[in-house]
Amino acid sequence: AQFVESGGGLVQPGGSLRLSCVASKSITNRYVVTWYRQAPGKQREFVASITNGGYANYLDSVKGRFTVSRDNVKSTVYLQMNNLKPEDTAVYYCSVPPFTDWGQGTQVTVSS
């Protein structure tokens, strides 16, 4: 599977970004698509996931600020990130189980 993440950038605390994850339709329409992030010097951690039925799950620290959604026609999964904090700074990746294939990720930097 191939994943292409985009939408990252530099934003001030309190700002917003929308990340996109594009993969083949056979992947995004069938599997639980999951967003992970990896900050410098830290292990990759779960951020959010969405099933093909639209059920979403979130890391506690992003609940109420991040929203994951999917557009099956476009084979795209989105991560809307609001009220960003410096601790959200990381490279964000998307993947599906068994999480053996990863894209290049997209860098999110939250800084004033």
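In what follows, every heavy atom counts, from backbone to side chain, and hydrogens, waters and symmetry copies are set aside.
- Atom CZ in Phe66 sits 5.0 Å away from atom CG in Leu84 (nearest 0.5 Å).
- Atom-to-atom distance recorded for Tyr92:OH and Ser6:OG is 14.5 Å, nearest 0.5 angstrom.
- The environment of CD in Glu87 is crowded: more than 12 heavy-atom neighbours from other residues, nucleotides or ligands sit within 6.0 Å.
- A donor-acceptor pair is defined here as one N or O able to donate and one able to accept, closer than 3.5 Å; no such pair exists between the side chain of Thr34 and the backbone of Val96.
- Put simply, the side chain of Val11 does not reach to within 4.5 Å of the side chain of Thr109, judged on heavy atoms.
- Between Leu19 and Trp35 there is a side-chain heavy-atom pair separated by less than 4.5 Å.
- In this structure, the side chain of Asn72 does not engage the main chain of Ser75 through any donor-acceptor pair within 3.5 Å.
- Looking only at side-chain heavy atoms (C-beta outward), Cys21 and Val4 stay at 4.5 Å or farther from each other.
- Note: Gln2 CD to Trp102 CH2 = 15.0 Å, rounded to the nearest 0.5 Å.
- Nearest heavy atoms, Ala48 versus Leu79: CB-CD1, 4.1 Å.
- Expressed to the nearest 0.5 Å, how far CZ of Phe3 lies from CG of Asp101 amounts to 6.0 Å.
- Val108 and Tyr78 fall into different hydrophobic clusters, where Ile, Leu, Val, Met, Phe, Trp and Tyr residues are linked whenever their side-chain heavy atoms come under 4.5 Å apart, directly or through other members.
- Applying the disulfide bond (SG atoms under 2.5 Å apart) test to pairs two or more places apart or on separate chains, none has a residue in residues 43-80.
- Residues Leu59 and Val32 do not share a hydrophobic cluster, defined by chaining ILVMFWY side chains whose heavy atoms lie under 4.5 Å apart.
- No cation-pi contact links Arg37 to Tyr93, judged by a cut-off of 6.0 Å to the six-membered ring centre and 45° from its axis.
- Phe99 has its ring centre less than 6.0 Å from the ring centre of Tyr36.
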| task | Please assess Asn57 against Ser49 for the test side chain to side chain donor-acceptor pair (under 3.5 Å), listing each intermediate value before the final yes or no. | result | CA-CA 5 Å; Asn57 195 25; Ser49 64; 4.7 Å; no

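- In summary, Lys85 and Asp88 do not engage in a salt bridge, as defined by a charged side-chain N under 4.0 Å from a carboxylate O.
- Two residues are said to be in side-chain contact when any heavy atoms from C-beta on lie closer than 4.5 Å; Ser111 and Pro86 fail this criterion.
- Rounding to the nearest 0.5 Å gives a distance of 6.5 Å between CG of Asn82 and OG1 of Thr67.
- Here Arg18 pairs with nothing under the side-chain hydrogen bond (donor to acceptor under 3.5 Å, both in side chains) rule; sequence neighbours left out.
- Heavy atoms of other residues, nucleotides or ligands lying less than 6.0 angstrom from CD of Glu45 number more than 12.
- Checking side-chain atoms of Glu5 against main-chain N and O of Cys94 turns up a donor-acceptor pair under 3.5 Å.
- Rounding to the nearest 0.5 Å places CD of Gln80 at 6.0 Å from OG of Ser16.
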